[in-house]
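Please read these numbers as outputs of a predicted model, since none were measured by experiment.
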Amino acid sequence: MRFFRSDALKPLIAANLKKIGVCDDGCFHVSESVIQTSLRGVDSHGITLFPHYHAVAVSGRINKKPSFSHERTGASVAVFDADYGYGHHAGAEAMRLATDIAHETGVGVVSVTHSSHFGAAAYFGFLAAARDMIGLSFTNAPASVVAYNAATSFFGTNPVCVVVPMRDEGPFCLDMATSSMSTNKLANYRRTDTPLEPGWGFDAQGKGTADPHAAKYVGPFGGYKGYGLGMMVEIFCGLLAGGPVATQLETMLKDLHVRRSLSQCFIALDIARFQDTAAFKARLQEMADGIRALPRADAEVPVMIPGDPEKISHANRLVAGIPVDDPMYERFIAIDLAFETALMP
């Protein structure tokens with residue numbers, strides 16, 4: 001295992017995307033997103049995806065210089081065409097638009113079409129929280145989650161994310177797939193030959209399996225509850241945007257020259273339209289602190305709220321570096337030998 005310095009790695013990622021013709025804003029948002037995500041310990045959506053993002057720009061799947069457009073279809077609503085650019089770039093622009101609208105009307109909802117993989121949904125929620133707003137982000141994904149009590153899949157991993165600013169620390173963040181695990185995490189388990197937990201993987205016949213290589217589908221978390229939330233996200237994304245739904249989407253890791261057409265939804269709520277923002281942030285802080293102070297069932301395990309493990313990881317990895325295994329490191333070096341200079345001493 002090797003460790004990258006985040007401050008040295010981020011400009012190298014951006015520079016290598018720029019070298020192949022990606023626009024400046026695309027370079028910025030992809031590099032910013034994957035570094036933030038890896039620092040937070042979400043390795044399935046962090047720097048390990050950079051070689052893929054580089055490859056799809058080279059292959060032509062990604063429009064390296066997209067011409068975004070949007071139409072304001074109502075006081076609080078807009079539809080946004082991502083023109084097949086990076087989802088990180090399109091999502092950031094869509095959330096900026098949602099927060100601009102929310103500043104005017106109290107709530108902004110932006111539906112995005114013709115997008116691509118946007119990395120971690122939290123990245124966009126944090127952009128809203130930085131403007132003292134509550135940010136929600138959703139995306140659909142190719143069919144990969146076995147439908148409840150079915151032998152095959154219909155919906156994708158369809159994440160749900162909400163980010164809310166707090167008084168004394170980084171925002172509250174709940175960012176979760178509606179599946180038991182993401183397909184990118186499954187790929188990491190295959191790469192390291194790590195067995196799956198019960199209920200995580202299902203084979204071609206829809207039977208549970210611990211073998212990551214035999215797993216064709218992942219399971220919905222919480223049985224019918226995760227399955228239901230996955231359908232909710234598809235309604236907010238593919239259906240609301242008028243785009244393809246899960247079974248009609250191109251997969252992420254195959255046919256890299258074929259463009260995808262993911263749909264996403266971004267929502268911003270202006271806290272000040274409901275109550276004093278400082279008072280709201282203080283009450284959320286008090287709630288979080290009260291939960292963390294609850295008696296522990298296991299004295300060795302702290303009581304946490306969503307996002308706490310990621311905050312701990314962020315603090316640790318800023319110092320210790322972002323871990324990368326040898327095969328993944330070789331993929332970085334194959335793109336540019338300069339990545340070696342970003343390793344921790």
Validation row: [X], [Y] side chains within 4.5 angstrom (heavy atoms):
X: F154; Y: Y227; value: no
X: I134; Y: F280; value: yes
X: I291; Y: V303; value: yes
X: L256; Y: H52; value: yes
X: L196; Y: M181; value: yes
X: L229; Y: F221; value: yes
X: R61; Y: Y84; value: no
X: F50; Y: N16; value: yes

How about F236 and F266: are their ring centroids closer than 6.0 Å? no
Does the gap between the ring centers of F68 and F80 come in under 6.0 Å? yes
Would you confirm whether [X], through its side chain, and [Y], through its main-chain N or O, come within 3.5 Å as a donor-acceptor pair?
X: D255; Y: H257; value: no
X: R260; Y: E250; value: yes
X: S153; Y: A147; value: no
X: S313; Y: L39; value: yes
X: R40; Y: K311; value: no
X: S38; Y: I322; value: no
X: S116; Y: G85; value: yes
X: T139; Y: Q264; value: no
X: T99; Y: R96; value: yes

Considering all heavy atoms, the nearest [X]-[Y] contact:
X: A94; Y: V112; answer: CB-CG2, 3.6 Å
X: K185; Y: S44; answer: N-CB, 3.7 Å
X: L239; Y: V245; answer: CD2-CG1, 3.8 Å
X: A102; Y: G108; answer: CB-N, 3.6 Å
X: A282; Y: R167; answer: CB-NH1, 3.7 Å
X: V163; Y: C173; answer: CG2-SG, 3.9 Å

Show the numbers, then the answer: is there a side-chain contact (heavy atoms from CB on, under 4.5 Å) between H45 and H117? CA-CA 10 Å; H45 287 65; H117 192 263; 3.9 Å; yes
With [X] via side-chain contact (heavy atoms from CB on, under 4.5 Å) - residues at least two apart:
X: A98; answer: M95, V110, A268
X: K207; answer: D203, Q205
X: F28; answer: E32, Y123

Can you tell me if [atom1] on [X] sees more than 12 non-hydrogen neighbours from other groups inside 6.0 Å?
X: F4; atom1: CZ; result: yes
X: M287; atom1: CE; result: no
X: M231; atom1: CE; result: no
X: Q248; atom1: CD; result: yes

How about N158 and N140: does a side-chain donor come under 3.5 Å of a side-chain acceptor?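 No donor-acceptor contact under 3.5 Å links the two side chains.
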Would you say S76 and T105 are linked by a side-chain donor-acceptor pair, where the criterion is simply a distance under 3.5 Å?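 Side-chain D/A pair, T105 to S76: present.
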What distance do [X] atom [atom1] and [Y] atom [atom2] have between them, rounded to the nearest 0.5 Å?
X: C23; Y: N63; atom1: SG; atom2: CG; value: 8.5 Å
X: K10; Y: I35; atom1: NZ; atom2: CD1; value: 7.0 Å
X: T183; Y: L253; atom1: OG1; atom2: CG; value: 7.0 Å
X: D24; Y: H29; atom1: CG; atom2: NE2; value: 11.0 Å
X: L12; Y: I47; atom1: CG; atom2: CD1; value: 11.5 Å
X: H103; Y: I101; atom1: NE2; atom2: CD1; value: 12.5 Å

Which ring pair (Phe, Tyr, Trp, His ring centres under 6.0 Å) pairs, counting each pair once, include a residue from residues 283-302, with sequence neighbours left out? none
What I want to find out is whether [X] reaches [Y] closely enough, with some N-O distance under 4.0 Å, to be called a salt bridge.
X: R296; Y: D298; value: no
X: K65; Y: D83; value: no
X: E104; Y: R72; value: yes
X: R191; Y: D325; value: yes
X: D100; Y: R131; value: yes

Please collect all side-chain hydrogen bond (donor to acceptor under 3.5 Å, both in side chains) contacts where either partner lies in residues 275-291, sequence neighbours excluded, each pair once. D132-K281, E169-Q285, Q285-D289, D289-R292
With side-chain contact (heavy atoms from CB on, under 4.5 Å) as the test, pick out the partner of F126 among S137, P171, C161. P171
Cut-off 3.5 Å, no hydrogens considered: what does the side-chain donor-acceptor table look like for residues 211-219, sequence neighbours left out?
{"from": "D211", "atom 1": "OD1", "to": "H213", "atom 2": "N", "distance (Å)": "2.9"}
{"from": "H213", "atom 1": "NE2", "to": "D193", "atom 2": "OD1", "distance (Å)": "2.6"}
{"from": "Y217", "atom 1": "OH", "to": "T152", "atom 2": "OG1", "distance (Å)": "3.0"}

Evaluate the criterion ring-ring contact (aromatic ring centres under 6.0 Å, His included) for residue pair H88 and F124; output intermediate values, then yes/no. CA-CA 8 Å; H88 317 69; F124 314 102; 7.3 Å; no
